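Worksheet: the structure to be examined is printed underneath.
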Amino acid sequence: MEYNFREVEKKWQHYWAEKKTFKAENKSDKPKYYVLDMFPYPSGAGLHVGHPLGYIASDIFARYKRLKGFNVLHPMGYDSFGLPAEQYAIQTGQHPEITTKTNIARYREQLDKIGFSFDWDREVRTSNPDYYKWTQWIFIQLFNSWYNPKTNKAENIATLIPTLKNFSSLSEKEQSDLLLEYRLAYLSDTIVNWCPQLGTVLANEEVKEGVSERGGYPVERKLMKQWSLRITAYADRLLTDLEGIDWTDSIKEAQRNWIGKSEGTSLKFKIQESDDTIEVFTTRPDTIFGVSFVTLAPEHELVEKITTAEQKKTVEEYVTFAKNRSERDRMSDVKKITGVFTGGYVMHPFTRKQIPIWIGDYVLAGYGTGAVMAVPGHDTRDYAFAKHFGLDIIEVVAGGDLSKESYDAKEGKLIHSDFLNGLDVKDAIKKAIAVIEEKGLGKGKTNFRLRDAIFGRQRYWGEPIPVYYENGIPKVLNENELPLLLPDVDKYLPTETGEPPLARASNWKYKGQFEYEYSTMPGWAGSSWYFLRYMDAHNENAFASKEAINYWQNVDLYIGGAEHSTGHLLYVRFWTKFLNDLGLVPFIEPAKKLINQGMIQGVSEKIFVDEHKHNSFMIPDYYNLPHSTEGYRVCYSSSFVSENIKKENIGDPKYVTLENLYEINIPIEFTDKSNLNIDEFLKSSQGRDFKEHDTIFRTDGGCFLNGVYYGDETKKDFYTKPEVEKMSKSKWNVVTPDLIVEQYGADCLRLYEMFLGPLEQSKPWSTSGISGVSNFMRKMWRLYHKEDMFTVSMEVPSKEELKTLHKTIKKIVHDIENFSFNTSVSNFMICVNELTEQKCNKREILEPLAIIIAPYAPHLAEELWFKLGHAESITYAQFPLHNEEYLVDDAFAYPVSFNGKTRFKMELPLTLGVKEIENAAMDSEEVKKFLEGKAPKKIIVVHNKIINIVV
RNA sequence: GCGAGUAUGGGGGAAUUGGUAGACCCAGCGGACUUAAAAUCCGCCGCUCAAUGCGUAUCGGUUCGACUCCGAUUACUCGCACCA
């Protein structure tokens, strides 16, 4: 009886669902283990084979931990608020909730087919009111908190008020405005990334290269009143706590860069003929005597004030120009230097010389103070600006050649610098800070690149922010009024006056009279705390009970894609620290260990198309085709264009240069090993575009026209060109897990995805190798069967059989614990090959084998377990321990090498000592032969490893 | 520009962390069984001028011994990018 995966897999999936095999208990004597996958966004495209890669790895680990006696929490849910469903709603008018539900149902169906051991009773969806109620609740806690720099943690805003002078004498509005400057969730005028096409603001990490991450639309800078979260208060802790967690270096490094800590000093420059000062931030206070101008960001608040009458027009024009430039434009011509002189001057704090004030958009308004002291001699950007506008360049650190470029290195002795002369840069920095502080000109300061997170989105499909406005004062709802439900609207678009879609909701007012906040929360709000909700998913009185949180603690193993390194992973760490400050969770980090699975790319198949119909006139003559007055569109087999045209082929109508062509992707199902099935392709919706009557398909030996082939029958194949790209619907290169499960089964998919290579590495998907895994599974099945009958013997296993089993157990444990899943699949193959060779069908071997493979191929393992006579699922069996005794050899085949090059092997008993081995080697005929009578210089013997003879 | 990562046969990849390079799988080649095919089984499979030759992106170093450690270089991938 061959292994029938269809029947077996269906049977056990039903069994698991019915018996709730993977239900995790919140109370248990067992040690706990929390395995979490990153939240999927249920997109309309469904899962492709790349998505389950991480889920399979985490599932193997979860199942392994159960077999090792742990109480395992392994949940799954959906990050179901977000832009794509809303964009779809705008196009179709369908409520995003419906789209979302449909998509989730499809995801669930796909996930269920793969045999994951999720505890589905704990499923969460961020767009469900009983979930987002608690997202709103956390927002309220953020609003009610401030960051106390003395205790270095968040506290209730009530502890702040006594420290504020004259607070009680302020008006209610003034009090509110003042407190907003401290609250961790606050409303302020901020320069935001505004995306007109999406009609919303975006957070910094949602903008890539000046365009929106989703959709790729241009982004502008705009001043807007916005809700933000004060993540910057946690910058230092987010940085230092990275040291305590087992995350990959690349993620940690990305977070460090994103936080961007830099230590320096603030320094005030007095503006001439004014009481105002310009404050700058610098990391190089040692170069203070090299300052030859000061540059302000175009948005700087003092710009208007210091601009002289003569310069007013120029400055205004420049500021307008700078503001209207999109981020993309600004970034794409970084090399283009722009700026204007304001006409104003500041006074140098030490030399008292007058220093011109310029405006330049190389200075960022959001970083530091939005103003820099320009030291062109020792800063590349200042140097470029000074060169461009003919400003002074002063050398204050010896060692460079300032006629060519600035000297930025922090090495060398100070010159032309008064009290700093002769000092090394490092000492000069210390001394400069000391003097600056002493004179009250500024003080040592740490700056972070990290900005506060913009929290409002002018969109519909997100959590409503639980705020209403009373006389222009923002107030949060009472906790017992949550959730604030997302109201229905007639259209998912902004109002005519440009207000967000929520402003369309009719009669949507707090207590019937006060306006609610119309923006909603960003996509990352719900995902910033979801790992906590899984612990106690149905709790109506708290986001999770104290007991549940204390039992499960933080995530032990978190698996997900690297694309979340600076977004989600930073926010979830921030919220965890905040909740920890409030005493709501007993840990400071959400996940102890994090693994990023690599991306699985798709292999696209491309054809080359020539739309210039006049180019095709020569071809009909060449192959005696019917003529067309208009000419033909021509599609070329890849062999014509993959190489450069050889000299002898120039002028031959068979050959074309790439310049005249464009490439299109062909749905991969119409190709077989890059060989296009033209008939099938033309029948498809995409191919119908290539109407037969005006398209020629050029093969190596001729061409197809109207389904008729002209030319050399032996060279009829039309080849497409394979290319590795991101797997995506639009590239027609998607392979779904459903297809693989249908053809080979879920266990085979699981094993094969792991077998592809190291989990963390990116690799292109290729279905071709899957037959090897499929064969392996059948071979394993046959171990337990004789002439189609399930047969295992009670005989005592041989020494070899025990060695094979125990060697495998040892390796599998090592591999799983090091997340080296690809090598464990190889080891299973080796094990089954050896047992087959040994004709082993002994229960004492085959029973443990079923257990150790259960995490990888759970359906197969369950079925074998059942046939072995067990009534209960294999899930909670006991993972076997390996016994070293069975692994001990009594002899070892020593490789004998000369000068490090292995020549032959010599089998010697392991009981021999180093000296005895050396003697045995020297006595051997073969060694003598290689030595050719010469005496060896040295012999190195490493016990159980190698013999190396130096000649 | 800065940072991180990767580089091993025709392909995916392995190598117990300095000790037999290429495990395992795919593809390929040859054979057995079969009327035939599928399935299954057996053998070969880094390169070459065939030897005590060469070979882990390239060049150099340390070592009895280097895919592994050190220095430099190249290519590709991914982040970040005027952060003062």
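Chain identifiers are assigned alphabetically (A, B, ...) following the order of the sequence lines, protein sequences preceding nucleic acid strands; residue numbering begins at 1 within each chain. Quantities reported herein were computed from a predicted structural model and do not represent experimental measurements.
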Exercise. Under 4.0 Å between any heavy atoms, over every strand shown, what does A:Pro758 touch: base, sugar-phosphate, or nothing? Just pick one.
Key: sugar-phosphate
Quiz item: With a 4.0 Å cut-off on heavy atoms, is A:Gln761 in touch with a base, just the backbone sugar-phosphate, or nothing at all?
Solution: sugar-phosphate
Quiz item: Can you tell if the side chain of A:Ile812 reaches within under 4.5 Å of the side chain of A:Asn827, non-hydrogen atoms only?
Solution: yes
Self-check item: Flag side-chain contact, heavy atom, 4.5 Å: A:Phe293 against A:Pro376
Solution: yes
Does the structure show a Watson-Crick or G-U wobble partner for [N], both distances under 3.5 Å? Name it, or say none.
| N | value |
| --- | --- |
| B:C80 | B:G1 |
| B:U40 | B:A32 |
| B:G46 | B:C54 |

Side chain of [X], heavy atoms from C-beta onward: which of [options] has the nearest atom to it?
| X | options | value |
| --- | --- | --- |
| A:Trp258 | B:G79, B:U20, B:A81 | B:A81 |
| A:Thr902 | B:A84, B:U20, B:C41 | B:U20 |
| A:Ile830 | B:G12, B:C80, B:A23 | B:A23 |

For nucleotides 62-64 of chain B, list the nitrogen or oxygen atoms of the protein found under 3.5 Å from its nitrogen or oxygen atoms, one pair per line.
| unit_1 | atom_1 | unit_2 | atom_2 | d |
| --- | --- | --- | --- | --- |
| B:C64 | O2' | A:Asn948 | ND2 | 3.3 |
| B:C64 | O2 | A:Asn948 | ND2 | 2.5 |

Quiz prompt | Position toward the 5' end of RNA chain B (nearest nucleotide), A:Asp815 or A:Met829 | solution = A:Asp815
Quiz item: Starting at the 5' end of RNA chain B and moving along, which residue's nearest nucleotide shows up first, A:Asp382 or A:Ser250?
Solution: A:Ser250
Exercise. Answer yes when A:Lys810 and A:Glu884 have at least one side-chain N-carboxylate O distance shorter than 4.0 Å, and no when they do not.
Key: yes
Taking only side-chain nitrogens and oxygens of [X], does any of them come within less than 4.0 Å of OP1 or OP2 of [N]?
| X | N | result |
| --- | --- | --- |
| A:Asn944 | B:U16 | no |
| A:Asn822 | B:A14 | yes |
| A:Arg903 | B:G53 | yes |
| A:Arg449 | B:G3 | no |
| A:Asn833 | B:C25 | yes |

Self-check item: side chain to side chain contact (heavy atoms under 4.5 Å, CB included) evaluation trace for A:Ile288 with A:His348
Solution: CA-CA 9 Å; A:Ile288 178 69; A:His348 191 285; 3.8 Å; yes
Practice problem: To the nearest Å, give me how far apart NZ (A:Lys945) and C1' (B:A66) are. | Solution: 15 Å
